[in-house]
Amino acid sequence: MIASVRGEVLEIALDHAVIESAGVGYRVNATPATLGGLQRGTEARLVTAMIVREDSMTLYGFPDSESKELFGLLQTVSGVGPRLAMATLAVLEPDALRAALAEGNVTALTRVPGIGKRGAERMVVELRDKVDAVASTSGAVPLGVGGGGSVRDQIVEALVGLGFPAKQAEQSTDAVLAEAPESTTSSALRSALSLLGKTR
């Protein structure tokens, strides 16, 4: 089991980074917020969870142990796999997720693509009493994505990768950029996620 990876960041994409450690490049899937805290060519350390399937071994990276524990906790809910757990952490930061579960805020949970009302209610029932066991940590990681292409294309691709329909992703991105055309990719992506959350 690979519990963490430390080394030079070789590549940053919309949904993963490649970190070289001891001569081996590890592809680590992560949320836009986590990727935004990385810089190509610098050293980074991510806490990781390794998911082993019959046909694959996948690493998921997190800035801290709390996020990793929430990732694991989410997967104890029936119907929630690694991809949906990552989408949840991409839309809701750890503190917001803890609050939504503790307060039974189904509306906040249904902002996550792939989680409907019934799924959100199941998450609340199964995790409400468990979420307090995951300690809260301070220090948010700035949101952002690395890679080529225009700001609009990067944001749309990131939103579609999280499970939002392409049309909704394009509309929200266009609305955000029309209002703030000088936005950076990271701030625009956060605004687009917020906008999509309100319209779900």
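Residues: numbered from 1 along the sequence shown. These numbers come from a predicted model, not from an experiment.
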Chemist: Give the table of side-chain donor-acceptor pairs shorter than 3.5 Å for residues 79-89, with sequence neighbours excluded, one pair per line with atom names and distance.
Modeler:
unit_1: T88; atom_1: OG1; unit_2: L84; atom_2: O; d: 2.8

Chemist: Quick one: CD1 on I2 to CG on L59, what's the gap to the nearest 0.5 Å?
Modeler: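 I2 CD1 to L59 CG: 4.5 Å, rounded to 0.5 Å.
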Chemist: Run the side-chain contact (heavy atoms from CB on, under 4.5 Å) test against A120 and tell me which residues pass, sequence neighbours left out.
Modeler: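 side-chain contact (heavy atoms from CB on, under 4.5 Å) list for A120, sorted by chain: V106, L109, T110, I115.
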Chemist: Taking ILVMFWY side chains as joined if any heavy atoms are under 4.5 angstrom apart, and letting links pass through other members, which residues group with V47?
Modeler: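 Answer for V47: none, a lone residue.
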Chemist: Identify the heavy atoms of L92 and R111 that sit nearest to each other, and give their distance.
Modeler: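 Smallest heavy-atom distance, with atoms named: CD2-NH1, 3.8 Å.
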Chemist: Is there a side-chain contact between R53 and T58, using heavy atoms and a 4.5 Å cut-off?
Modeler: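 No. Closest side-chain heavy atoms not under 4.5 Å.
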Chemist: Would you mind telling me which of N29, V5, I19 makes a side-chain contact (heavy atoms from CB on, under 4.5 Å) with T48?
Modeler: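 Exactly one candidate clears the test, V5.
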Chemist: Count the heavy atoms of every other residue, nucleotide or ligand shown that sit under 6.0 Å from CZ of R118, and state whether that count exceeds 12.
Modeler: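 12 or below, so no.
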Chemist: Identify the heavy atoms of M123 and L101 that sit nearest to each other, and give their distance.
Modeler: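 Closest approach of M123 to L101, heavy atoms only: O-CD2, 3.9 Å.
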Chemist: Do T76 and L127 come within less than 4.5 Å of each other through their side chains, counting heavy atoms only?
Modeler: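 In short, these two side chains touch, coming nearer than 4.5 Å.
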Chemist: Is L177 reachable from L193 through a run of hydrophobic residues whose side-chain heavy atoms are each under 4.5 Å from the next?
Modeler: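 Yes, because L193 and L177 connect within a single hydrophobic cluster, where side-chain heavy atoms sit under 4.5 Å apart.
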Chemist: According to a 4.5 Å side-chain heavy-atom criterion applied to Ile, Leu, Val, Met, Phe, Trp and Tyr, with indirect links allowed, do I51 and L74 form part of one hydrophobic cluster?
Modeler: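 Yes; L74 is reachable from I51 via cluster members.
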Chemist: Considering only heavy atoms from C-beta outward, does the side chain of V91 approach that of P113 to under 4.5 Å?
Modeler: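 Yes, their side chains come closer than 4.5 Å.
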Chemist: Does anything in residues 67-95 form a ring pair (Phe, Tyr, Trp, His ring centres under 6.0 Å)? List the pairs, not counting sequence neighbours.
Modeler: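 Counting only pairs at least two positions apart or across chains, the ring pair (Phe, Tyr, Trp, His ring centres under 6.0 Å) contacts touching residues 67-95 are Y60-F71, F62-F71.
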Chemist: Strictly by salt bridge (charged side-chain N to carboxylate O under 4.0 Å, His left out), give each pair with a member in residues 169-180 just once, sequence neighbours left out.
Modeler: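 The answer is R152-D174.
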Chemist: Specify the closest pair of heavy atoms between V124 and G104, including all atoms of both residues, with the distance to one decimal.
Modeler: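 Closest pair (atom of V124, atom of G104, distance): CG1-CA, 3.6 Å.
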Chemist: At their closest point, which heavy atom of A192 faces which heavy atom of L159, and how far apart are they?
Modeler: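 Nearest heavy atoms, A192 then L159: CB-CD1, 3.9 Å.
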Chemist: Looking at every non-hydrogen atom in both residues, tell me the closest pair between A44 and L38 and how far apart they are.
Modeler: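 For A44 versus L38, the nearest heavy atoms are CB-CD2, 3.6 Å.
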Chemist: If the condition is side-chain contact (heavy atoms from CB on, under 4.5 Å), which residues does E126 pass it with, not counting sequence neighbours?
Modeler: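 E126 satisfies side-chain contact (heavy atoms from CB on, under 4.5 Å) with V77, R122 only.
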Chemist: Examine V176 and V160 and state if one hydrophobic cluster contains both, with Ile, Leu, Val, Met, Phe, Trp and Tyr joined whenever side-chain heavy atoms are less than 4.5 Å apart.
Modeler: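 No, no single cluster joins them.
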Chemist: Residues two or more places apart in sequence or in another chain: which of them pass ring pair (Phe, Tyr, Trp, His ring centres under 6.0 Å) with Y26?
Modeler: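 Expected list: none.
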Chemist: Side-chain contact, heavy-atom cut-off 4.5 Å: T173 with Q154?
Modeler: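 The answer is no; the side chains never approach within 4.5 Å.
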Chemist: To the nearest 0.5 Å, what is the distance between NZ (K130) and CD (E69)?
Modeler: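 Separation between the atoms: 13.5 Å.
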Chemist: Could you list all the side-chain hydrogen bond (donor to acceptor under 3.5 Å, both in side chains) pairs where at least one residue sits in residues 10-23, not counting sequence neighbours?
Modeler: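 Found H16-R27.
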Chemist: If the condition is side-chain contact (heavy atoms from CB on, under 4.5 Å), which residues does A30 pass it with, not counting sequence neighbours?
Modeler: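 Result, side-chain contact (heavy atoms from CB on, under 4.5 Å) vs A30: T34, L35.
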Chemist: Quick one: side-chain contact (heavy atoms from CB on, under 4.5 Å) partners of M57, sequence neighbours excluded?
Modeler: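 Partners of M57 under the side-chain contact (heavy atoms from CB on, under 4.5 Å) test: M50, V52.
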Chemist: Would Q39 and V9 count as a side-chain contact (heavy atoms from CB on, under 4.5 Å) here? Give the steps.
Modeler: CA-CA 7 Å; Q39 282 190 322; V9 179; over 6 Å; no
Chemist: Residues in salt bridge (charged side-chain N to carboxylate O under 4.0 Å, His left out) with R6, at least two apart?
Modeler: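 For R6 the salt bridge (charged side-chain N to carboxylate O under 4.0 Å, His left out) partners, ignoring immediate neighbours, are E43.
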Chemist: Between CD of E157 and CG of L189, what distance do you get to the nearest 0.5 Å?
Modeler: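 One gets 11.5 Å once the value is rounded to the nearest 0.5 Å.
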Chemist: Testing the basics here: between S172 and A169, what is the closest heavy-atom pair and its distance to 0.1 Å?
Modeler: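 Scanning both residues completely, I find the closest heavy atoms to be OG-O, 3.1 Å.
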